[in-house]
Amino acid sequence: MTTELSIIRPDDWHLHLRDGETLKAVLPDTARQFARAIVMPNLRPPVTTAEAALAYYHHIRQALPAGAGFEPLMTLYLTDNMAAGEIVRARQSGVVHAVKLYPAGATTNSDSGVTSLAKCAHVLAEMEKQGMPLLIHGEVTDGDVDVFDREKVFIERHLQPLLKDFPGLKVVFEHITTQEAVEFVASGPDTLAATITAHHLLMNRNAMFTGGIRPHHYCLPVLKRETHRQALVQAAISGSGKFFLGTDSAPHPKSAKEASCGCAGMYTAHAAIELYAEAFEEAGALDQLEAFASFYGPDFYNLPRNTEKVTLRKQSWQVPETIPFAGDVLVPLRAGQEVTWKLA
Ligand SMILES: NC(=O)N[C@@H](CC(=O)O)C(=O)O
Ligand SMILES: [Zn+2]
Ligand SMILES: [Zn+2]
């Protein structure tokens with residue numbers, strides 16, 4: 001049995017840090033584990049310009065604990081009326097590494113998202129030219145599509161046509177949750193990759209209803225049935241460079257989760273790499289963790305791999321019930337329970 005694992009320091013290719021005091025509350029958790037993270041732009045208001053992304057980049061750098069070497073990789077929030085010139089400015093900024101597509105209404109702070117990809121053709125063409133990846137929250141928003149089918153339907157209706165229209169565009173299908181998404185990415189072109197969260201590797205949809213309704217296990221895309229979880233695990237441990245780590249750690253105050261209309265998102269940054277280690281261990285594939293967490297992401301983004309190493313030990317520790325969150329608290333995943341790996 002492996003009780004100690006040394007890997008190149010990982011990166012998080014899908015992260016929500018928020019801004020202001022909430023940023024200060026959560027950033028140390030990520031900076032302790034990861035060298036870099038792709039930072040999502042769904043702030044209020046969203047980060048739609050290179051100028052706003054640069055300002056946000058500096059907020060993050062200023063909020064870092066002293067001595068932390070963490071590098072935020074910024075993203076732009078795609079809207080119907082973004083100009084192609086914004087992609088040029090984003091490239092020139094040196095801090096923007098991707099553009100995020102939220103179908104309007106699909107998830108937290110997606111109201112200004114895209115209503116029709118056709119409206120973004122000029123921007124997508126410029127991204128293709130600049131080698132700027134498009135990151136996708138891949139769910140349709142139609143109320144008549146079952147919530148558990150929204151990812152599958154997005155593939156057919158939007159992703160397939162997009163790849164056909166922009167064959168040179170790099171695309172990351174974010175936080176995939178279904179067997180259909182795994183198969184689509186695995187059989188797709190080299191320009192297509194996907195991130196997988198720790199929570200979708202560790203839990204199926206039963207976790208939302210264990211003994212009652214569990215708002216802290218609600219996120220988007222929503223947890224799926226066990227067969228899908230197993231397909232995600234197989235993809236993550238497959239050794240394919242098309243699947244890599246993206247926590248989608250999404251902090252919300254406790255009061256916003258434990259509400260009559262609770263919001264979507266799980267906080268996992270406090271134990272991110274440890275939770276992935278649990279999932280890989282359970283699959284008997286700890287030897288694949290390093291490539292998934294530390295190699296395939298930078299390879300896809302054409303960035304250098306990290307060189308420093310970190311050590312994980314098989315050692316149980318208890319997750320706190322709550323974490324301070326800018327005058328409020330948030331409830332982290334596994335609150336009050338054990339995580340079986342610990343980052344040294
Ligand atoms: N994943 C979530 O459930 N929520 C994310 C948004 C997102 O990634 O869709 C958030 O910003 O809270
Ligand atoms: Zn999303
Ligand atoms: Zn997200």
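Quick note: numbers below take in every heavy atom, side chains included, and nothing from hydrogens, waters or symmetry partners. We count ligands from 1, going down the list as the structure has it; atoms in each ligand are counted the same way.
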Query raised in the report: Does the shortest distance from the Zn ion (ligand 3) to an N/O/S atom of D248 fall below 2.8 Å?
Result: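 Yes - counting backbone and side chain alike, D248 has an N, O or S atom under 2.8 Å.
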Report task. Locate the shortest heavy-atom distance separating L333 from M203; write the atom from each residue and the value. Result -> CD1-CE, 3.7 Å
Report task. With the Zn ion (ligand 3) as the reference point, give the N/O/S atom of H16 that is nearest. Result ->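 It is NE2, the N, O or S atom of H16 closest to the Zn ion (ligand 3).
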Counting only heavy atoms from other residues, nucleotides and ligands, does the tally under 6.0 Å from [atom1] of [X] exceed 12?
X: K119; atom1: NZ; answer: yes
X: R61; atom1: CZ; answer: yes
X: D190; atom1: CG; answer: no

Query - Inter-residue atom distance L223.CG - F209.CZ, 0.5 Å rounding - result: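 With rounding to 0.5 Å, CG (L223) is 9.0 Å from CZ (F209).
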Note down each nitrogen or oxygen pair, ligand 1 side and protein side, whose separation is under 3.5 Å; give only atom names and the distance to 0.1 Å.
residue	atom	partner	partner atom	Å
ligand 1	1 (N)	L220	O	3.0
ligand 1	1 (N)	D248	OD2	2.7
ligand 1	3 (O)	L220	N	2.8
ligand 1	3 (O)	A264	O	3.4
ligand 1	3 (O)	G265	N	3.1
ligand 1	4 (N)	A264	O	3.2
ligand 1	8 (O)	H16	NE2	3.1
ligand 1	8 (O)	D248	OD1	3.1
ligand 1	9 (O)	T107	OG1	2.7
ligand 1	9 (O)	H137	ND1	3.0
ligand 1	11 (O)	H16	ND1	3.3
ligand 1	11 (O)	R18	NH1	2.9
ligand 1	11 (O)	R18	NH2	3.4
ligand 1	11 (O)	N42	ND2	2.8
ligand 1	12 (O)	R18	NH2	2.9
ligand 1	12 (O)	T108	OG1	3.2
ligand 1	12 (O)	H252	NE2	2.7
ligand 1	12 (O)	A264	O	3.3

**Report entry** Presence of N, O or S from H175 under 2.8 Å of the Zn ion (ligand 2)
**Finding:**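 True for H175.
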Query - N-O pairing of K224 and D149 below 4.0 Å - result: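 Salt bridge: no.
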Query raised in the report: Ion pair present between D328 and K254, side-chain N to carboxylate O less than 4.0 angstrom?
Result: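 Salt bridge absent between D328 and K254.
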Query raised in the report: Looking at the Zn ion (ligand 2), which N/O/S atom of H137 is the nearest one?
Result: ND1
Query raised in the report: If you group Ile, Leu, Val, Met, Phe, Trp and Tyr by side-chain heavy-atom gaps below 4.5 Å, do I38 and I60 land in one group?
Result: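 No.
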